[in-house]
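Notes follow once the structure below has been shown.
Residue indices begin at 1 and follow the sequence shown. Because only heavy atoms are used, hydrogens play no part in the values below, and waters and symmetry mates are left out as well, while side chains stay in. Values in this document were obtained by computation on a predicted structure and should not be read as measured data.
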Amino acid sequence: MLLKQFLTAATGPLARRRPSLTGLRLALEVGSLFQFLPWGVHLESQTVEGMAAEWIRPTGAPAHRVLLYLHGGGYVLGSLNSHRSLIGALAQRCQLNALAIDYRKAPDYPFPAALDDARLAYRWLLGQGYQPHDIIIAGDSAGGGLALALLIALRDNQEPLPAAAIGLSPWTDLALSTATIRRVAHEELQLLEALTMRGWGGQYAADLSLAHPLISPVQAELHDLPPLLLQVSDAEVLCDDVLGFAGKAQLAGVPVTLQTFEGLVHWWHLFWRVVPEARQALDKVATFTQRIWAAQAEAARIVAGAQRPKTAAPRLRARL
């Protein structure tokens, strides 16, 4: 595809110049200037306990449900600007008001800063009156891994869990095993991506092990989690890790919907305006969320039926 060809052509110069983290952040912000919200989606600035955030509100979205979105960027990149267009497209398809947060980034703020900020945002939503079963948490790449880590942290602390979580190519194992490096070594673009992510993972973990279960969610116990939707492409560095996480979660009894795509680069969701498969992926997310709400409605109907007082059966009159 053209996107992959373009990125492959840029790999050589990037590998030679090795741009600084500051330069990468600036480039991402400049690129964000050309991203716009879909028509009919509105933006509203918000502060969450001193943290910058924003509401992305599609016209007609119900007020009582919310999508908490955690952007990707290897825990070192990304912002409200970089993902606004993607979140707007996702929120519109799902018909959900979305809260996006600008969580703190490594290396200035290593683990657990990002997780603490995500947990703060979730608790803030509860304090605003949203019910856990009306909240879905989503994220891409590192944000997807952060969403899964948030679920695990909430469960371990015996806090109420959201209705579901969505991981778009989630980063579930920050160690990026040697086997993964070998698998992608034949392709320059993937190898550069893998080595770069390895470095970012170390900056996020700082002095802690990359195997910490709240840093690499695949290392955690995965029981008693809400339904998960995981999307990944077979051409991504993270593919094997996402498949491994999905298998482990399923063995632990978690309802997992795994959707795989072919030949797409990492972060393909960001290019939803020009990549048809990205739009298809977002449509599949919307279908998943609709099923979550339908399942809740059906469960409520069954409970209401079980609790409804039964009318006493009429007595038969004895024949005289």
### Query
Do Arg104 and Asp117 meet the salt-bridge criterion of a basic N to acidic O distance under 4.0 Å?
yes
### Query
Looking at side-chain heavy atoms only, is the closest gap between Ile166 and Leu168 below 4.5 Å?
yes
### Message
Treating Gln219 as the side-chain partner and Leu214 as the backbone partner, does any N or O pair qualify as donor plus acceptor under 3.5 Å?
### Response
no
### Query
Does Glu298 CD have over 12 foreign heavy atoms under 6.0 Å away?
yes
### Task
Starting at OH of Tyr122, measure out to CG of Leu70 and round the result to the nearest 0.5 Å.
12.5 Å
### Query
Do Trp171 and Leu176 come within less than 4.5 Å of each other through their side chains, counting heavy atoms only?
yes
### Summary
dist Asp173:CG -> Ile215:CD1 (nearest 0.5 Å) comes out at 11.5 Å
### Linked, directly or transitively: Leu243 and Phe245 (ILVMFWY side chains, under 4.5 Å)
yes
### Validation row: Thr287, Asp283 side chains within 4.5 angstrom (heavy atoms)
no
### Message
Which heavy atom of Val242 sits nearest to which heavy atom of Pro170, and what is that distance?
### Response
CG2-O, 3.3 Å
### Task
Could you grab the distance from atom CZ of Arg291 to atom CZ of Phe288, nearest 0.5 Å is fine?
9.5 Å
### Message
Determine whether Ser45 and Trp55 satisfy the following criterion, side-chain hydrogen bond (donor to acceptor under 3.5 Å, both in side chains), listing intermediate values before the conclusion.
### Response
CA-CA 6 Å; Ser45 295; Trp55 283 105; over 6 Å; no
#### Entry: Rounded distance (nearest 0.5 Å) linking atom CZ of Arg119 with atom CG of Asn157
6.5 Å
### Task
List the steps, then state whether side-chain contact (heavy atoms from CB on, under 4.5 Å) holds for Val41 with Ile87.
CA-CA 10 Å; Val41 179; Ile87 300 170; over 6 Å; no
### Task
Apply side-chain hydrogen bond (donor to acceptor under 3.5 Å, both in side chains) to Ser82 and His71, showing your working.
CA-CA 8 Å; Ser82 64; His71 70 75; 4.9 Å; no
### Message
Checking the side chain of Tyr130 only, and the main-chain atoms of Arg65 only, is there a donor and an acceptor separated by less than 3.5 Å?
### Response
no
### hydrophobic_cluster_shared for Leu146 and Leu80, side chain cutoff 4.5 Å
no
### Query
Mind checking whether Tyr69 and Leu28 sit in one hydrophobic cluster, side chains of I, L, V, M, F, W, Y counted as touching below 4.5 Å?
yes
### Which atom of Leu151 lies closest to which atom of Pro162, heavy atoms considered
CD2-CG, 3.5 Å
### Task
Please confirm whether His83 and Trp267 have ring centers closer than 6.0 angstrom.
yes
### Query
Do any N or O atoms from the side chain of Ser20 and from the backbone of Gly23 form a donor-acceptor pair under 3.5 angstrom?
yes
### Query
Is Val48 close to Leu125 at the side-chain level, that is, under 4.5 Å between some pair of heavy atoms?
no
### Message
Can you tell me if Glu29 has over 12 outside heavy atoms packed within less than 6.0 Å of its CD?
### Response
yes
### Query
So, Glu49 and Arg123, do they make that salt bridge, N to O below 4.0 Å?
no
### Query
Do the non-hydrogen side-chain atoms of Lys105 and Leu77 ever get within less than 4.5 Å of each other?
no
### Message
Quick one, Leu90 and Val285 - any side-chain contact, counting heavy atoms below 4.5 Å?
### Response
yes
### Query
Among the clusters formed by ILVMFWY side chains lying less than 4.5 Å apart, do Leu230 and Leu251 turn up in the same one?
no
### Message
Is it true that Ser233 and Glu262 share a donor-acceptor pair across their side chains at a distance under 3.5 Å?
### Response
no
### Query
Where do His269 and Gln231 land on the side-chain hydrogen bond (donor to acceptor under 3.5 Å, both in side chains) test, with the steps shown first?
CA-CA 10 Å; His269 297 88; Gln231 292 184 343; 2.8 Å; yes
#### Entry: Min side-chain heavy-atom separation Arg155-Leu225 under 4.5 Å
yes
### Query
To the nearest 0.5 Å, what is the distance between CG (Asn97) and NE2 (His64)?
10.5 Å
### Query
Which distance, rounded to the nearest 0.5 Å, do you find between the CD of Gln307 and the CD1 of Ile302?
12.0 Å
#### Entry: Main-chain N/O of Val218 paired to Ser216 side chain as donor or acceptor, under 3.5 Å
no
### Query
Do the side chain of Arg279 and the main chain of Trp272 share a donor and acceptor less than 3.5 angstrom apart?
yes
### Message
Counting only heavy atoms not in Lys284 (residues, nucleotides, ligands), do more than 12 fall under 6.0 Å from its NZ?
### Response
no
### Task
Sequence neighbours left out, what passes side-chain hydrogen bond (donor to acceptor under 3.5 Å, both in side chains) with Arg273? Give chain and number order.
none
### Message
For a quick test of reading the model, state the closest non-hydrogen atom pair linking Gly145 to Tyr75 and the distance between them.
### Response
C-OH, 3.8 Å
### Task
Would you check if the distance from the ring center of His212 to the ring center of Phe111 is below 6.0 Å?
yes
### Heavy-atom side-chain contact between Ser85 and Phe36 under 4.5 Å
no
### Query
Same cluster for Val274 and Leu282 if Ile/Leu/Val/Met/Phe/Trp/Tyr side chains link at under 4.5 Å?
yes
## Note on the structure
Shortest non-hydrogen pair, Ala121 vs Leu68, comes out as CB-CD1, 4.0 Å
